[in-house]
Amino acid sequence: MNDTKILKGNIIFTKNPKEFTVIKNGYVFIESGKVKKIDIKISQEYKDCTVIDYGNKLIIPGFVDLHFHAPQYANLGLGMDKQLLEWLEEYAFPEEAKFKDKEYATKIYKKVIKEIWRQGTTRIAVFGSIHKEATKILLDLFIKSGIGAFVGKVNMDRNSPDFLREESEQSIKDTEEIAAEYFNKSKLVKPIITPRFVPSCTSEVMKGIGDISRKYNIPVQSHLSENISEIEWVKELYPESLDYADVYNQFGLFGQQPTVMSHCIYSTDREMELMRTNGVIAVHCPNSNLNVATGIMPVRNFIEKGITVGLGSDISGGHKISIANVMNVSVQMSKVKWLQSNKKYTPLSTSEVFYMGTKGGGEFFGKVGSFEEGYEFDALIIDDSSLGEVNRDIEERLQRFIYIGDDRNIVARYVAGNKIDEPEL
Ligand code: GUN
Ligand code: FE
């Protein structure tokens with residue numbers, strides 16, 4: 001009992017997408033980094049425990065970002081008038097090539113992680129670059145930071161510029177070296193298999209990394225059905241395959257281990273059925289979809305089909321690291337989709353997007369993103385007194401923070417029960 005940590009404040013989270021659970025002036029009891037219970041009083045048995053009193057502030061789950069390209073950070077806000085494939089050639093690839101240089105990688109990755117921390121992201125699935133050494137630097141810096149992360153060395157052995165292309169054998173070898181070195185090194189930070197997308201990987205590499213994923217039980221992340229030209233390209237590369245998802249699936253990269261697939265804007269019914277049966281999580285990245293003009297994901301359709309949906313910033317296709325911002329843009333875009341679809345796809349509610357950015361995406365990390373018993377305690381403490389009247393409904397205060405708040409309102413961050421301060425990297 002004595003090692004139980006107790007936090008007091010206005011607790012708000014989503015057990016399910018339909019509604020918020022609110023405990024005004026409540027206590028959350030944390031044991032061994034996990035939520036034990038929530039109560040409105042402290043019973044006798046806990047009377048000797050330390051209580052951290054956050055007063056009238058909000059206690060919310062930490063944000064989960066399921067899609068982020070760390071080596072694109074220096075490009076934030078650049079090239080936002082381009083379309084996807086053109087933007088990749090002109091902006092993303094040349095910047096990523098710089099991560100051959102370990103000094104440059106160290107400098108940028110330190111900045112990236114501090115900014116992720118600042119914006120309240122407590123768990124993240126992140127792409128590195130093709131470079132083994134830079135990816136190890138990113139893994140080590142995340143371990144130091146206390147943030148939970150899956151970090152992937154990107155595989156690209158074809159259809160990529162000479163300055164950002166690997167030899168197939170080397171690509172597989174480097175992926176395995178990282179897998180072996182890191183799969184058991186840290187509880188919170190782990191490697192993830194990361195084929196960039198189907199066009200950039202040969203069948204040899206896809207097979208090789210599928211085998212590594214199975215051998216070390218390592219999850220998978222990639223892009224899926226983001227843009228019409230990209231989908232046509234995949235069809236040309238694999239004319240025998242049923243669709244885009246089928247290509248990943250035939251190499252054991254589609255739910256054979258936990259898998260996240262970003263965008264899924266043009267997924268067919270068959271692909272969606274495969275996602276559902278294989279437990280693949282779809283990642284909605286609305287800022288990126290707008291910036292590089294890829295389209296609007298029919299998120300409502302995915303939810304109705306029982307597919308888990310998480311949120312992604314997709315830096316730097318997306319320009320905002322804050323998952324609160326991604327939540328509000330998700331609602332806005334769902335309204336455009338609703339109007340465009342003759343009101344077929346009902347707009348998303350605040351509780352639905354909050355769920356996606358916490359418990360929905362959190363599923364990828366285990367029991368993460370909620371304050372139910374047994375969940376790892378990842379939380380943000382929100383001081384919203386600068387945003388308006390605080391003597392009002394807790395759910396409205398959260399809505400207001402999501403729409404008009406920013407990192408200045410986040411006064412503390414917890415991951416797996418530990419308070420994490422600004423990382424000294
Ligand atoms: N498809 C392949 N690579 C990328 C990337 O870096 N960003 C986005 N948004 N889509 C991609
Ligand atoms: Fe991406």
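Atoms within a ligand are numbered from 1 in the order they appear, just like the ligands themselves.
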Among Arg196, Met156, His69, the residue with a heavy atom nearest to atom 7 (N) of ligand 1 is His69
For atom 11 (C) of ligand 1, which of His223, His67, Glu96 has the closest heavy atom? His223
Glu422 atom CD, over 12 foreign heavy atoms within 6.0 Å: yes
Main chain of Lys320, side chain of Asn325: is a donor-acceptor contact present, judged purely on distance under 3.5 Å? no
Backbone or side-chain N or O of Glu226 under 3.5 Å from ligand 1 N or O: yes
Nearest-neighbour protein heavy atom for atom 9 (N) of ligand 1, which is reported as residue plus atom name and distance: Asp314 OD2, 2.7 Å
If we only consider heavy atoms of His263, is any one of them less than 4.0 Å away from an atom in ligand 1? yes
With a 4.0 Å cut-off on heavy atoms, is Leu84 touching ligand 1? yes
Are the ring centres of Tyr73 and Phe68 closer than 6.0 Å? no
Any carboxylate oxygen within less than 4.0 angstrom of a Lys/Arg side-chain nitrogen, looking at Lys153 and Glu166? yes
Qualifying residues under salt bridge (charged side-chain N to carboxylate O under 4.0 Å, His left out), relative to Lys419, sequence neighbours excluded: Asp421
Within the 4.0 Å heavy-atom shell around Phe197, which atoms of ligand 1 are there? 1 (N), 2 (C)
Parallel, tilted or perpendicular for Tyr244 and Tyr248, by the 30°/60° rule? parallel
Is the Tyr238 ring parallel, tilted or perpendicular to the Phe251 ring (thresholds 30°, 60°)? perpendicular
Any idea which part of Leu88 is under 4.0 Å from ligand 1, heavy-atom wise: side chain, backbone, both or neither? side chain
Location of contacts on Trp87 toward ligand 1, heavy atoms closer than 4.0 Å: side chain
ring-ring contact (aromatic ring centres under 6.0 Å, His included) with His69: of Phe127, Phe197, Phe93, Trp87, only one passes, and it is Phe127
Compute whether any side-chain donor of one residue and acceptor of the other, for Asn278 and Thr259, lie under 3.5 angstrom apart. no
Just checking, any donor-acceptor pair under 3.5 angstrom between side chains of Gln340 and Tyr345? no
Protein N, O or S atoms lying under 2.8 Å from the Fe ion (ligand 2), listed by chain and number: His67 NE2, His69 NE2, His223 NE2, Asp314 OD1
